[in-house]
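Reading through the structure tokens given below for one structure.
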Amino acid sequence: MTSFCSQTVIGPVVLYGRCHEKWQGRYREEGSFVKENPNPSRENTTPRFPRQGVHPQRSAAMAMAYKMATEGMDVKEECQRWFMEMKWKKVHRFVVFKIDERSRAVLVDKVGGPGEGYEELVAALPGDDCRYAVFDFDFVTVDNCQKSKIFFIAWSPAASRIRAKILYATSKQGLRRLLDGVHYEVQATDPSEMGFDVIRGRAQ
């Protein structure tokens with residue numbers, strides 16, 4: 001039997017603590033069971049634990065993500081162009097970027113329309129994949145002055161793949177270097193971490 005629990009040998013029995021595997025159909029009330037010790041003279045109280053390690057598929061995905069990140073991501077010209085139009089022309093309020101793993105490039109995923117604001121930006125971010133985004137936040141200060149601050153948002157939800165998280169984390173600076181004029185950066189794994197109150201609080 002392959003056990004995933006601690007094991008203690010005491011005299012004629014072997015005690016298995018809180019095991020989730022079935023042994024001859026018998027379970028104790030607290031999730032443990034007793035097995036006869038074939039060698040009663042052997043006394044061993046050293047706990048035995050399962051071997052810890054990384055799942056092979058997950059390890060391969062992490063290795064591939066690291067390779068792609070170290071080789072560098074190509075940031076398409078459209079990323080900087082749409083950002084500069086947002087910054088100077090004020091035609092749109094936000095731009096969402098994504099990484100295309102096949103072409104190994106950062107692309108524009110969505111450009112906010114003239115009437116779209118922060119709520120539309122949040123809705124454009126997938127719940128199971130990473131993204132980058134820039135948002136042009138206009139506000140009025142306590143001195144009644146009109147100001148504008150540009151936010152860079154690194155979106156990495158908990159449900160996204162580990163490979164995607166690694167790619168986006170290691171490729172972020174390549175995009176940031178081309179986006180001249182960003183004032184603040186927000187890293188979020190949940191919508192509450194990039195709520196409108198968070199943006200407004202940082203800007204003011």
Side-chain angles (χ1 to χ4, degrees), residues 60-140 146-204:
M62 293 173 64
M64 178 60 69
Y66 179 77
K67 179 181 179 182
M68 293 175 66
T70 54
E71 290 178 353
M73 283 287 172
D74 177 30
V75 181
K76 296 298 183 181
E77 180 271 338
E78 62 178 7
C79 297
Q80 187 178 35
R81 174 165 51 84
W82 281 108
F83 171 78
M84 299 306 291
E85 287 192 7
M86 182 194 73
K87 177 182 176 181
W88 296 114
K89 297 182 179 181
K90 303 289 184 180
V91 177
H92 44 270
R93 301 290 301 280
F94 67 86
V95 184
V96 180
F97 310 95
K98 70 176 182 179
I99 291 179
D100 182 67
E101 296 185 16
R102 285 190 174 184
S103 60
R104 299 187 180 183
V106 182
L107 313 172
V108 172
D109 186 37
K110 178 178 174 58
V111 178
E116 294 184 317
Y118 195 69
E119 290 184 0
E120 287 75 17
L121 166 59
V122 175
L125 300 176
D128 58 355
D129 201 1
C130 303
R131 289 292 187 272
Y132 304 121
V134 286
F135 176 68
D136 188 10
F137 177 55
D138 294 329
F139 63 100
V140 179
Q146 186 73 32
K147 287 193 175 183
S148 176
K149 298 293 183 180
I150 297 178
F151 283 79
F152 180 91
I153 300 172
W155 172 246
S156 181
S160 57
R161 298 169 300 146
I162 292 182
R163 173 172 174 169
K165 292 178 181 180
I166 296 174
L167 279 177
Y168 277 80
T170 54
S171 304
K172 180 181 67 176
Q173 291 304 319
L175 175 62
R176 280 292 310 269
R177 281 193 293 267
L178 298 179
L179 306 182
D180 184 33
V182 172
H183 298 96
Y184 302 104
E185 178 174 327
V186 174
Q187 298 187 25
T189 61
D190 183 85
S192 63
E193 298 177 354
M194 52 173 289
F196 191 75
D197 291 341
V198 176
I199 299 297
R200 183 170 51 193
R202 291 283 301 274
Q204 297 176 347

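For clarity, every value in this text was computed on a predicted model and none was experimentally measured. We number each residue from 1, following the sequence as shown.
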Distance (rounded to the nearest 0.5 Å) between [X] [atom1] and [Y] [atom2]:
X      : Y      : atom1 : atom2 : value
Leu178 : Cys79  : CG    : SG    : 8.0 Å
Asp74  : Ile99  : CG    : CD1   : 11.5 Å
Arg163 : Lys165 : CZ    : NZ    : 15.0 Å
Glu185 : Phe151 : CD    : CZ    : 11.5 Å
Glu101 : Met73  : CD    : CE    : 7.0 Å

With the side chain counted from C-beta on, respond yes when [X] and [Y] share a heavy-atom pair under 4.5 Å apart, and no when they do not.
X      : Y      : value
Val186 : Glu193 : no
Phe83  : Ile150 : yes
Glu85  : His92  : yes
Gln187 : Ser156 : no
Lys90  : Asp136 : yes
Val134 : Lys87  : no
Val75  : Arg177 : no

Heavy-atom donor-acceptor pair, [X] side chain to [Y] backbone, under 3.5 Å:
X      : Y      : result
Lys149 : Phe139 : no
Tyr168 : Ala154 : no
Ser171 : Leu167 : yes
Trp82  : Lys110 : no

Inter- and intrachain pairs under ring pair (Phe, Tyr, Trp, His ring centres under 6.0 Å), touching residues 107-129, at least two apart: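 Of all non-adjacent pairs touching residues 107-129, those that pass ring pair (Phe, Tyr, Trp, His ring centres under 6.0 Å) are Tyr118-Phe135, Tyr118-Phe196.
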Please name the pair of heavy atoms, one in [X] and one in [Y], separated by the smallest distance, quoted to 0.1 Å.
X      : Y      : answer
Ala133 : Leu121 : CB-CD1, 3.8 Å
Ser160 : Cys130 : OG-SG, 3.5 Å
Gly117 : Phe94  : O-CE2, 3.5 Å

Mark yes or no: Arg176 above the aromatic ring of Phe152, with NZ or CZ under 6.0 Å from the six-membered ring centre and no more than 45 degrees from the axis.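 Because its charged atom sits under 6.0 Å from the ring centre and within 45° of the axis, Arg176 does stack over Phe152.
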Is there any salt bridge (charged side-chain N to carboxylate O under 4.0 Å, His left out) pair reaching into residues 119-130, and which pairs are they, with sequence neighbours excluded?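 Sorted result for residues 119-130: Asp129-Arg131.
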So Val108 and Phe97, side-chain contact (heavy atoms from CB on, under 4.5 Å) or not? Walk me through it. CA-CA 4 Å; Val108 172; Phe97 310 95; 4.1 Å; yes
Take Arg93 and Asp138 through the side-chain contact (heavy atoms from CB on, under 4.5 Å) test and state the conclusion after the steps. CA-CA 9 Å; Arg93 301 290 301 280; Asp138 294 329; 4.2 Å; yes
So, Lys76 and Ser103: side-chain donor and acceptor under 3.5 Å apart, yes or no? no
Closer than 4.0 angstrom, basic N to acidic O: yes or no for Asp100 and Lys98?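 The answer is no: the pair does not qualify as a salt bridge.
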